[in-house]
Amino acid sequence: MAFDWIDEQAELRRRAGLVRTLRPRPADSPLLDLASNDYLGLAHHPEVTEGAARAAREWGGGATGSRLVTGSTELHAELERELADFCGVEAALVFSSGYAANLAAVTALAPHGSLIVSDAGNHASLIDGCRLARGTTQVVAHADPEAVRKALTTHDGPAVAVSDTVFSVDGDAAPLAELAAVCRTRGAGLVVDDAHGFGVLGAGGRGAAHAAGLAGADDVVVTLTLSKSLGSQGGAVLGPARVVDHLVNAARTFIFDTGLAPAAVGAALAALRLLRREPERAARARTVAGELHARLTAAGHEAVRPDAAVVSVRAPSPEQAVRWAADCRAAGLAVGCFRPPSVPDGISRLRLTARADLTEGQIERAVRVIGETRP
């Protein structure tokens with residue numbers, strides 16, 4: 001019968017403790033949230049929600065078409081201008097998701113005959129971009145500029161190195177300045193996904209590329225999401241104007257996708273303007289991450305030192321990670337649970353979000369619950 005193989009796959013997942021389920025949350029969840037990516041605590045900020053509502057009232061519930069037909073509004077263009085100015089680049093292009101932005105950047109910048117050098121710890125959206133691109137992909141050791149250099153020496157044509165700026169599993173940062181220097185010795189481009197760096201790293205949250213002195217470089221392209229630090233939804237590609245023009249004409253996830261909904265654009269724009277006024281939110285997120293790490297390690301947990309706002313706590317096994325996260329939830333604390341195949345090294349973890357709006361009392365409570373529920 002058709003799809004019988006699905007039952008076999010489901011059984012294999014069950015035996016391995018890898019079954020995933022949806023868990024709809026109420027609007028007024030009583031849980032202390034250390035699971036979301038709302039790094040700056042802006043998703044429910046009155047200015048952000050009003051920005052979304054105002055945009056929906058003025059522009060409607062949807063973009064009504066692809067960006068090249070009816071899906072580009074004056075609001076989209078305004079957000080792109082302000083993102084580019086804030087991050088110190090020539091141009092920006094907004095997509096319906098960060099995933100779509102990554103697919104666009106990698107596929108459009110790695111044509112047939114090119115080489116893509118991809119970090120082994122990259123996010124799934126970058127990996128999928130590599131799979132869909134017409135260029136050849138070579139995966140190299142995690143956060144290793146020398147491995148990138150060696151890979152680039154094997155190819156004489158166009159090439160691009162692809163990396164997260166902050167890796168979503170352990171929260172460690174890529175050596176961006178070193179990667180850029182290696183790429184320049186071979187005339188290669190550098191594409192970096194700043195989903196977990198934008199809003200947290202750099203002056204006032206301008207991102208990891210800005211912090212590394214790469215903002216505005218003509219050989220660096222930055223992707224980011226609007227759904228984390230800006231508390232909205234959507235993604236963007238930032239970089240040289242000629243790259244953005246190329247994406248408008250060649251990126252399939254831009255050409256054939258409906259534009260980002262006006263409400264999401266309005267929310268992101270309001271959040272970006274709020275971040276400009278309150279740059280201390282970025283530093284606060286980093287401070288909270290450091291406090292969480294210090295208290296967790298002092299309590300005997302194996303936690304990875306965070307370079308941004310992601311704090312990773314290792315678990316003994318996938319099954320124990322799931323039970324640990326469930327016990328935390330039962331005790332009033334929401335935490336992320338990362339396990340294979342979401343983690344490239346096969347090590348299961350609790351993943352904590354260091355939000356800028358967490359109080360000292362909430363940090364203390366989170367550490368206490370994690371300790372009390374430890375398997």
Side-chain angles (χ1 to χ4, degrees), residues 62-73 75-84 87 89-119 122-137 157-165 183 188-195 198 207 209 214 216-228 230 232-262 264-265 268:
T64 75
S66 73
R67 292 289 308 274
L68 289 171
V69 184
T70 59
S72 286
T73 69
L75 198 64
H76 288 79
E78 191 173 358
L79 175 59
E80 288 165 345
R81 286 192 299 271
E82 295 201 21
L83 276 172
C87 294
V89 300
E90 282 189 338
L93 190 65
V94 167
F95 289 76
S96 61
S97 71
Y99 207 109
N102 274 346
L103 292 184
V106 178
T107 57
L109 297 176
H112 181 74
S114 64
L115 173 68
I116 311 168
V117 182
S118 178
D119 188 290
N122 278 343
H123 186 264
S125 54
L126 289 177
I127 293 171
D128 287 352
C130 293
R131 291 171 175 170
L132 291 170
R134 295 184 178 182
T136 300
T137 299
V160 63
V162 177
S163 177
D164 285 5
T165 63
C183 288
L190 178 62
V191 175
V192 294
D193 175 5
D194 205 23
F198 177 70
L214 301 175
D218 60 7
D219 55 357
V220 176
V221 173
V222 177
T223 68
L224 53 83
T225 176
L226 311 176
S227 63
K228 294 179 172 58
L230 296 186
S232 181
Q233 187 173 349
V237 178
L238 292 75
R242 64 174 178 170
V243 169
V244 168
D245 289 342
H246 175 66
L247 295 181
V248 170
N249 287 277
R252 295 175 67 84
T253 55
F254 180 83
I255 297 170
F256 298 107
D257 192 19
T258 297
L260 183 62
V265 179

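We use all heavy atoms of the structure for the numbers below, so side chains are in, but hydrogens, waters and symmetry mates are not.
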**Study point:** Separation between CZ of R252 and CG of L247, rounded to the nearest 0.5 Å
**Key:** 14.0 Å
Practice item. With V222 as reference, evaluate V191, T165, D194, L190 under the side-chain contact (heavy atoms from CB on, under 4.5 Å) test and give the passing residue. Key: D194
Exercise for review: For the pair R131 and D128, find out whether any cationic side-chain nitrogen is under 4.0 Å from an anionic carboxylate oxygen.
Suggested key: yes
Review point. Does L103 reach the side chain of L132, with side-chain heavy atoms less than 4.5 Å apart?
Key: yes
Practice item. Would you check if L214 and V192 make a side-chain contact, meaning some heavy-atom pair closer than 4.5 Å? Key: no
Exercise for review: To the nearest 0.5 angstrom, please state how far the OG1 atom of T136 sits from the CD1 atom of I116.
Suggested key: 8.0 Å
Exercise for review: Report yes if some heavy atom in the side chain of K228 is under 4.5 Å from a heavy atom in the side chain of F198; otherwise report no.
Suggested key: no
**Study point:** Any T225 side-chain heavy atom under 4.5 Å of S97 side chain
**Key:** no
**Study point:** Side chains of T137 and S118, donor plus acceptor under 3.5 Å
**Key:** no
Practice item. Could you tell me whether the side chain of V237 reaches within less than 4.5 Å of the side chain of F95, counting heavy atoms only? Key: yes
Exercise for review: May I ask you to test the L79-L226 pair for a side-chain heavy-atom distance under 4.5 Å?
Suggested key: yes
Point to revise | Minimum side-chain heavy-atom gap D119-D164 below 4.5 Å | key: no
Point to revise | Min side-chain heavy-atom separation S72-R67 under 4.5 Å | key: yes
